[in-house]
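Written below as structure tokens is the structure these notes are about.
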There are 2 protein chains.
Amino acid sequence: MEPRPTVVPPPIQLRIADDIRMQIERGELTPGDSLPTLAELAERWSCSVGSARAAIALLKAQGLISSGRGKAPVVRVPPRKVIRSSERHQVEKDLAARPEAERAVVGEAETNLNMQISEQEFRSRYDQVEARAALADLFRIEPTDLVLRRRYDSTDRATGLLLSSSVSYMPVALVSPNPALLDEANEPWPGGTQHQLSTVGVEIMTIIDEVTARMPTTAEAQLWGLPDGVPLILCRRISLDANEKVVEVSDAEYPADRTELRFVTPLKPWPKRRSNGGKTSGRQGGRP
Amino acid sequence: MEPRPTVVPPPIQLRIADDIRMQIERGELTPGDSLPTLAELAERWSCSVGSARAAIALLKAQGLISSGRGKAPVVRVPPRKVIRSSERHQVEKDLAARPEAERAVVGEAETNLNMQISEQEFRSRYDQVEARAALADLFRIEPTDLVLRRRYDSTDRATGLLLSSSVSYMPVALVSPNPALLDEANEPWPGGTQHQLSTVGVEIMTIIDEVTARMPTTAEAQLWGLPDGVPLILCRRISLDANEKVVEVSDAEYPADRTELRFVTPLKPWPKRRSNGGKTSGRQGGRP
DNA sequence: GAGTGGTCTAGACCACTGT
DNA sequence: CAGTGGTCTAGACCACTCC
């Protein structure tokens, strides 16, 4: 009944895994190094090969090592991270107000750094679906109202793996004044979504990014070519106009091992009269 | 040599796991439901118990189910997410410019919603350490220069589990004009970091949040009480003054299943003369 | 071909959950 | 107490890598 603090030694798998993890943290094993083979581990710890394998599996699930048939497990080399910055929001807005010639030049391309555009295969698919509860709520429309769904993804021509993937939703009623917006044949649209919306009189004034993460399913891990133990970062972007009305919602996914999202928040200056350039005012309050 | 497209049936573990995952996605199994026992699965798929267990282990690593000794695995119930919004940055800045009486009231407390303050145990530890390469780079100081390291965490008194955890760094040279800032006994400081910095003449004008995610180590999962298959969200916050000088760096971790980070980006309006309220200008460009 | 890890089996023991 | 999943063992077979 009472939570007995019995001193049970942790399972052998954990002890092995922990030992290896500490070797990595201490730098005795560096990225790229090979680990001992399962048989060696089993002998060194006088346990079965199965237990050694379980230890390795744990480290794989934590994203620390990679392994495959025929060769010893390897300390994973963290890939260089691609930075996706929220400053792009303003850049795209500015671009939308420029003349067409300029917009056409600064194409979509740059959204995917680190790789030649010619090595990527882009796809965009448009269709119209019912808003359903969640989206209807955001757009303040009826659940049965139609939204334009635009799915974008690009894959690496060489490997067939996903490089980026996102879905965007806009109420059909909002964009239908310009029928060109409903046709995927017009992709890639020079100037991007913000310019598209400008053609129906919409100016985006605020963008909200909602970020979380989860593990990929087996299928997702395969599509992205994700090693074990790498989470997916989920980012929902909500665009508002001057009246705080939601005009676009977009969901994007990023592999966490090669992605860093960057958000820049400018702060308003303090009111003028408080110059406060002085040295110190000392401790000014605190617990009563 | 040639990549032979042999049609090998996927391993049993994967077929079982996939079947269960699809049942969850179709709604035939809803959060809280119990799964078949290992023995049942083994019989239904005519495989060994070990393979059934491997399937369950995979689903656990994907964060879809929970299991423990003595009872059948259960479809995981996603916890309600705590929203952490970047709008707090401005709120804290405004607060720092208010008189002390006001600052004292609107204490730190609210940073941890969803729980009485009395149920939490706060800890703050200050020390001074060498900047090392990474931080020295950011602060543009020497690697051997000292930085003030402030570690904050709060734990649930009842369960002993971590509720929040962060570390903050500031160059000692920057804050030392006000010695009160070097002493952890002055925590919690009414008005927070932004007010603390104001006492040495620093006004933060820009905050950059860098977000990524990774799987927790075994120890981290235990500290936070994380179930298997839940990533940690990492957020590094860099604060700049009016000269774009880095004045503070802080690293925070959040359990991904309970956390949503929200970033609000206000956009500058288009130049006046372009009213563009009109209907449509049609398709205006595109691929040459 | 020798050695590797991945899959799978069968069975033992233990810790924990329910009734 | 019976039944459950967690740990661990020992061994078979296969796919793959490297020499």
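Chain naming here is simple, since letters A, B, ... match the order of the sequence lines and numbering starts at 1 in each.
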Item to check | Atom pair distance, as rounded to whole Å: CD1 in Ile16(B) and C1' in dG5(D) | outcome: 15 Å
Next on the checklist: Please pick, from dT9(D), dG5(D), dT9(C), the nucleotide with the shortest atom-to-atom distance to any side-chain atom of Ser51(B).
Outcome noted: dT9(C)
Next on the checklist: Can you measure Leu41(B) atom CG to dT9(C) atom P for me and round it to whole angstrom units?
Outcome noted: 13 Å
Item to check | Nearest-angstrom distance from the residue atom CG of Leu58(A) to P of dG6(D) | outcome: 14 Å
Next on the checklist: Need one value for Ile12(B): base, sugar-phosphate or nothing, where a base atom within 4.0 Å counts as base even if backbone is also close, heavy atoms only.
Outcome noted: sugar-phosphate
Checklist entry - Below 4.0 angstrom from OP1 or OP2 of dG6(C), is there any side-chain N or O of Ser67(A)? => result yes
Checklist entry - What integer distance in Å separates Asp228(A):CG from dT7(C):C1'? => result 15 Å
Checklist entry - Of Glu187(B), Arg149(B), Arg151(B), which is the lone residue that meets side-chain hydrogen bond (donor to acceptor under 3.5 Å, both in side chains) with Tyr126(B)? => result Glu187(B)
Next on the checklist: Using the side-chain heavy atoms of Ala72(A), tell me which of these nucleotides is nearest: dG5(C), dA10(D), dG5(D).
Outcome noted: dG5(C)
Checklist entry - Nearest of dT7(D), dT17(D), dG6(C) to any side-chain atom of Gln13(A)? => result dT7(D)
Checklist outcome for this item: Out of dT4(C), dC8(D), dG6(C), minimum distance to the side chain of Pro11(A) belongs to dC8(D)
Checklist outcome for this item: Whole-Å distance, Glu43(B) CD to dA10(C) P, equals 13 Å
Checklist outcome for this item: Looking only at dA15(C), dT9(C), dT4(D), the nucleotide nearest the Arg69(B) side chain is dA15(C)
Item to check | Selection from dG5(C), dC8(D), dT7(D) that lies nearest to any side-chain heavy atom of Arg53(B) | outcome: dT7(D)
Item to check | Considering all heavy atoms, the nearest Ala55(A)-Gln13(A) contact | outcome: CB-O, 3.4 Å
Item to check | Carboxylate-amine/guanidinium contact Asp18(A) Arg21(A), below 4.0 Å | outcome: yes
Checklist outcome for this item: Atom CG of Leu35(B) and atom P of dG6(D) are separated, to the nearest Å, by 12 Å
Checklist entry - With under 30° as parallel and over 60° as perpendicular, where do the rings of Phe263(B) and Phe263(A) fit, or are they tilted in between? => result parallel
Checklist outcome for this item: By nearest-heavy-atom nucleotide on DNA chain D, the more 5' of Lys71(A) and Lys60(B) is Lys60(B)
Checklist entry - What's the CG-P distance between Leu14(A) and dG6(D), to the nearest Å? => result 13 Å
Item to check | Distance, rounded to the nearest Å, where Ile56(A) contributes CD1 and dG6(C) contributes C1' | outcome: 13 Å
Next on the checklist: With a 4.0 Å cut-off on N to O distance, would you call Asp251(A) and Arg237(A) a salt bridge?
Outcome noted: no
